[in-house]
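Every chain is numbered from 1, with letters handed out A, B, ... down the list of sequences.
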Number of protein chains: 2
Amino acid sequence: MREHPQGDQAGQTRDRILATAARLFAEHGYEHTPLSHVARESQVSKALVLWHFDSKEKLFRAALGRTLEPYFIDVDDLAGLAEGAQIERLIELFYEFVRDNVYSVRLFFGLILNGERRPDDVVERVNELYAIFRSLLADIIASGQLSGRFRTDVEPRLDASLILAALVGILIERFMHDEDQSAELLTYLKQTAVRRLIA
Amino acid sequence: MREHPQGDQAGQTRDRILATAARLFAEHGYEHTPLSHVARESQVSKALVLWHFDSKEKLFRAALGRTLEPYFIDVDDLAGLAEGAQIERLIELFYEFVRDNVYSVRLFFGLILNGERRPDDVVERVNELYAIFRSLLADIIASGQLSGRFRTDVEPRLDASLILAALVGILIERFMHDEDQSAELLTYLKQTAVRRLIA
DNA sequence: GTCTATATACAGATAGAC
DNA sequence: GTCTATCTGTATATAGAC
């Protein structure tokens with residue numbers, strides 16, 4: 001169901017606008033992305049952008065949706081690994097994912113921190129992914145406890161939260177100092193997180 | 001040394017403007033704080049605001065400076081405690097500090113994440129405080145190793161970084177979900193961080 | 001669907017009186 | 001120092017021709 005009926009060429013132009021907008025919003029943020037730039041880089045007029053999306057706000061929401069598409073975690077990657085290795089791999093996956101999506105991750109953080117303009121559905125989706133990741137970690141820890149490889153005096157849920165918090169903290173630091181000095185710390189996190197679990 | 005010479009009443013009005021600006025910038029961010037609001041809430045005209053600070057950008061920098069003033073760590077609080085307790089106390093201090101300065105901390109994060117408008121001096125000052133905190137932690141850990149209370153197979157510098165990262169991650173999560181579910185995690189961090197150091 | 005031209009609003013900044 | 005009035009730029013959004 002679309003707001004505007006479409007002709008035979010499907011929404012080619014509409015899509016081009018959307019892709020451009022997603023890129024520009026991610027690169028420069030909402031406030032610093034005037035419709036004129038979106039229009040110019042999409043090689044259309046401002047009026048057409050608004051004809052397709054009614055308002056800048058709606059364009060923004062539509063673009064956010066597109067930006068969220070690649071957000072998922074590839075669990076297949078973990079098959080056949082021992083619990084310790086699974087945890088290390090998950091940490092790596094999270095890290096790589098953020099590294100490959102710096103722009104949009106930055107955008108989301110900014111969105112949430114700014115307070116204003118919190119598209120509830122988007123925030124919810126991000127929280128959901130966060131929760132999935134944490135559950136995955138917690139499940140692996142619990143499973144390691146059952147198999148006797150991990151010590152049983154740790155709380156899987158809290159440990160998972162702590163690992164995730166450390167991971168987020170490392171990434172934040174990476175945002176602050178542009179140069180990448182975080183690889184060392186990431187390795188240390190992997191070591192520490194797993195070692196403290198070993199029975 | 002001031003840009004504008006001052007009369008006998010010192011900079012009363014100037015100060016009121018500055019305080020208002022600091023509050024509004026922290027609450028709503030740079031983009032969503034027009035000079036007209038600063039002027040209205042300071043009960044002066046826009047022109048006067050600009051007469052005192054020349055431009056919005058300069059007003060912003062001045063306000064940031066004021067916001068940074070309460071940023072320090074009270075080391076006296078640690079005297080007489082054992083290393084483990086010192087670490088726990090430092091974690092609490094950091095946490096309480098952020099809790100008591102949510103607005104400005106949020107502002108700084110936003111500032112850094114946004115990419116645009118990175119007042120170098122301010123960012124540098126925040127980094128400095130960050131570094132001080134990390135050094136404090138690292139020194140305590142090293143001292144605990146020397147006194148034989150902590151195990152020697154951990155790297156003080158990296159361990160300090162990891163604790164700090166976890167702390168930051170917890171705070172970020174607190175920003176995302178407004179309700180405070182982070183107390184439990186904080187306690188767990190204190191326990192975990194110290195326990196893994198014990199010889 | 002796509003354009004040009006225009007309306008409207010509001011921002012930051014200036015001029016000049018007091 | 002402080003004001004009112006104004007300039008100037010730029011943003012979103014609309015009108016109407018093609």
Side-chain angles (χ1 to χ4, degrees), chain A residues 1-64 110-111 114 116-117 119, chain B residues 1-64 110-111 114 116-117 119:
Chain A
M1 192 59 181
R2 286 211 182 78
E3 296 86 350
H4 301 278
Q6 303 266 327
D8 283 338
Q9 311 100 314
Q12 289 182 26
T13 309
R14 191 181 190 278
D15 262 25
R16 202 172 62 246
I17 296 171
L18 200 52
T20 306
R23 199 186 82 243
L24 292 181
F25 282 137
E27 279 178 17
H28 308 118
Y30 183 84
E31 314 291 343
H32 297 97
T33 308
L35 288 178
S36 57
H37 288 190
V38 178
R40 174 159 34 87
E41 300 217 13
S42 309
Q43 292 173 298
V44 295
S45 66
K46 274 195 300 181
L48 187 61
V49 175
L50 285 167
W51 183 87
H52 275 294
F53 297 95
D54 291 348
S55 74
K56 188 184 179 183
E57 185 71 30
K58 287 186 185 166
L59 171 63
F60 182 63
R61 310 237 170 183
L64 271 189
L111 221 62
N114 249 348
E116 342 252 345
R117 195 177 341 280
Chain B
M1 193 59 181
R2 288 213 181 77
E3 296 87 351
H4 301 280
Q6 303 267 326
D8 283 338
Q9 311 100 311
Q12 290 181 24
T13 309
R14 191 181 190 276
D15 262 24
R16 203 173 61 246
I17 296 171
L18 200 51
T20 306
R23 199 187 83 244
L24 291 181
F25 283 138
E27 280 178 17
H28 308 117
Y30 183 84
E31 313 291 343
H32 298 97
T33 308
L35 288 179
S36 55
H37 289 190
V38 177
R40 175 157 34 88
E41 300 217 13
S42 311
Q43 293 174 298
V44 295
S45 66
K46 270 196 305 181
L48 187 61
V49 175
L50 285 167
W51 183 86
H52 276 295
F53 297 95
D54 291 349
S55 73
K56 187 183 180 183
E57 183 71 28
K58 286 186 186 166
L59 171 62
F60 182 63
R61 310 234 172 185
L64 271 188
L111 219 62
N114 249 348
E116 342 253 344
R117 192 178 343 281

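- A distance of 10.0 Å separates OG1 in A:T33 from CZ in A:R23, rounded to the nearest 0.5 Å.
- Listed nucleotides D:dA13, D:dA15, C:dA13 differ in distance to B:K56; the shortest reach to its side chain belongs to C:dA13.
- Here the C1' atom of nucleotide C:dC10 and the CD atom of A:E31 are 14 Å apart, to the nearest Å.
- Rounded to an integer number of Å, the gap from A:F53 CZ to C:dT2 C1' is 15 Å.
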Verdict with reasoning, A:L59 to A:L18, per side-chain contact (heavy atoms from CB on, under 4.5 Å): CA-CA 7 Å; A:L59 171 63; A:L18 200 52; 4.2 Å; yes

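- Overall, the helix from C:dG1-D:dC18 to C:dC18-D:dG1 carries an axis bend of 10° between its ends, with five pairs at each end and the value rounded to 10°.
- Side-chain polar atoms of B:H32 and A:E31 form a donor-acceptor pair below 3.5 angstrom.
- In this structure, CG of B:L50 is placed 13 Å from C1' of D:dC3, rounded to the nearest angstrom.
- In this structure, the CZ atom of B:R40 is 14 Å from the C1' atom of C:dC10, given to the nearest Å.
- Nucleotide D:dA13 holds its P atom 9 Å from the CD atom of A:E57, rounded to whole Å.
- For the pair B:D15 CG and D:dG1 C1', the interatomic distance rounds to 15 Å; values are reported in whole Å.
- The side chain of B:W51 lies closest to D:dG1, out of D:dT14, C:dT2, D:dG1.
- With distances taken from any side-chain atom of A:A47 to the nucleotides D:dG1, D:dA13, D:dA15, the minimum falls on D:dA15.
- The side chain of A:T13 contributes an N or O atom lying less than 4.0 Å from OP1 or OP2 of C:dT2.
- Here D:dT14 presents its P atom at 15 Å from CG of A:L48, a figure rounded to the nearest Å.
- The two residues A:T20 and A:R16 come nearest to each other via the heavy atoms OG1-O, 2.8 Å.
- Considering only the side chain of B:S55, C:dA13 comes nearest among C:dC3, C:dA13, D:dT2.
- B:K46 contributes no side-chain N or O that, together with a main-chain N or O of B:H37, makes up a donor-acceptor pair within less than 3.5 Å.
- Across D:dT2, D:dA13, D:dA11, the shortest atom-to-atom separation from the side chain of B:H52 is found for D:dT2.
- Taking atom CG of B:L35 as the reference point, atom P of C:dA13 lies 7 Å away to the nearest angstrom.
- Applying the 4.0 Å criterion to OP1 and OP2 of D:dA11, one finds that A:H37 has every side-chain N and O outside that range.
- Residue A:K46 places its side chain closer to D:dT12 than to any other of D:dC3, C:dA11, D:dT12.
- Listed for the B:K58 side chain is no donor-acceptor partner under 3.5 Å among the backbone atoms of B:L50.
- In this structure, B:Y30 OH and B:E57 CD are separated by 4.5 Å, a value rounded to the nearest 0.5 Å.
- For A:S45, taking side-chain heavy atoms from C-beta onward, the closest of the listed nucleotides D:dC3, C:dT14, C:dT4 is C:dT4.
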